[in-house]
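Heads up, the thing below is written out as structure tokens.
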There are 2 protein chains.
Amino acid sequence: MEKTVIDIEPAASVLKLLGDKTRLTIIGLLKDGECCVCEFVEVLQMSQPSVSQHLRKLRDAELVKERKKGQWVFYSLNSDHDAFLMIEEILTFIPEQKEKLSELEKKGLRICCD
Amino acid sequence: MEKTVIDIEPAASVLKLLGDKTRLTIIGLLKDGECCVCEFVEVLQMSQPSVSQHLRKLRDAELVKERKKGQWVFYSLNSDHDAFLMIEEILTFIPEQKEKLSELEKKGLRICCD
DNA sequence: TGCATACATAAGTGCATGCTTATATAATGA
DNA sequence: TCATTATATAAGCATGCACTTATGTATGCA
């Protein structure tokens, strides 16, 4: 994929969205594939409405896509976004988040979403 | 320089600071060398106190260093910061800001600070 | 049909943020 | 010494933001 220059204002908007611990963790989790809302709630140890509201911001900015399957909604990174490469690059600087998901599995809490 | 992993929380803090049009522009300008406050004021077309307050946030986070020379204060990127490499990487995705400085010079407004 | 589950949305609240105006500090130069 | 220039800081204000609680919506299943 070709590296695109992102204007200051949209770039700042994306960075602002990433500039929140919760959302940065969400994006970090999505690096390794899609997740459903209930997984975020478990991993982040936050209320469901709070998580939903963060996801809405990310979706409004089109940083993530949603896929509905049954009663679940799966979120994933939107690789078509202008800032996708920048986000991927940023994610190389933060710790792997998928470990949190495997811990979930150990606890048997990743029961939903299949 | 060795690439360091930055924990989620400090990473989010840095991204939050960059997630503002004004501060992102300031950091972009500093990529090409140090600038003094009056230059920022001219380039950004903002009030001096507002610029100073943004610089203070960047300085409090140690993203930038200051150097006093006469009545001027020159700011520069702090290459010792844990997030320096990440910031440099992010800057490769946004437009060059130094053009704004050369425009200043054309206008003869980069008179101070020598 | 009715209940449970997964998720979204709305409304309210407290705190953070970015600006403005006014003033302080510090260096320079007449 | 006094005015000027460069910068910082303080206080006030309007807006934004992240949370909570309460409720709405949609799907699945007995």
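Given the structure is predicted, the values throughout are model-derived calculations rather than measurements. For the numbers below, each heavy atom of this structure counts, side chains included, while hydrogens, waters and symmetry mates do not. Each chain gets a letter, A, B and so on, in the order its sequence line appears, and its residues count up from 1.
D:dG16 atom P lies 15 Å from atom CG of A:L17, rounded to whole Å. As rounded to whole Å, 17 Å separates atom C1' of D:dC17 from atom CG of A:L24. Counting to the nearest Å, the C1' atom of D:dA26 and the CD atom of A:E66 are 13 Å from each other. The NZ-P distance, from A:K68 to D:dT25, rounds to 13 Å in whole Å.
When distances are taken from the side chain of B:W72 to each of C:dA6, D:dT7, C:dA10, the shortest belongs to D:dT7. The side chain of B:R59 lies closest to D:dT9, out of D:dT9, C:dC7, D:dC17. Taking every side-chain heavy atom of A:Q48 into account, C:dA8 is the closest of D:dA8, C:dA8, C:dT17. Distances from the side chain of B:V37 to the nucleotides C:dC19, C:dT9, D:dT7 place D:dT7 closest.
Contact of the B:L63 side chain with the B:I87 side chain is registered, since non-hydrogen atoms from C-beta on lie closer than 4.5 Å.
Heavy-atom distances to DNA chain C give each of B:M46 and A:S52 a nearest nucleotide, and the one nearer the 5′ end belongs to A:S52. Between B:Q71 and A:V73, it is A:V73 whose nearest contact on DNA chain C lies nearer the 5' terminus.
Among the atoms of the strands shown, none is found under 4.0 Å from any heavy atom of A:K21. Here A:F40 lies out of heavy-atom contact (under 4.0 Å) with every strand.
Put simply, the side chain of B:Q53 and the base of C:dT17 share no donor and acceptor less than 3.5 Å apart.
Applying the 4.0 Å criterion to OP1 and OP2 of D:dA6, one finds that B:Y75 has every side-chain N and O outside that range. For A:K16 and D:dG16, the shortest distance from a side-chain N or O to OP1 or OP2 is not below 4.0 Å. An OP1 or OP2 oxygen of C:dC19 is reached within less than 4.0 angstrom by a side-chain nitrogen or oxygen of B:H54. For C:dC19, one of the phosphate oxygens OP1 or OP2 lies less than 4.0 angstrom from a side-chain nitrogen or oxygen of B:S50. When the side-chain nitrogen and oxygen atoms of A:R56 are compared with OP1 and OP2 of C:dA8, none of them lie within a distance under 4.0 Å. Residue B:S47 has a polar side-chain atom (N or O) positioned under 4.0 Å from OP1 or OP2 of C:dT20.
Judged purely by distance below 3.5 Å, without hydrogens or angles, the side chains of B:Q48 and B:S52 pair a donor atom with an acceptor atom. Side-chain N/O atoms of B:K100 and B:T25 include no donor and acceptor closer than 3.5 Å. Between the side chains of B:S79 and B:K65, no donor-acceptor pair of N or O atoms lies under 3.5 Å.
A salt bridge between B:E88 and B:K31 is absent, with no side-chain N of the basic residue lying under 4.0 Å from a carboxylate O of the acidic one.
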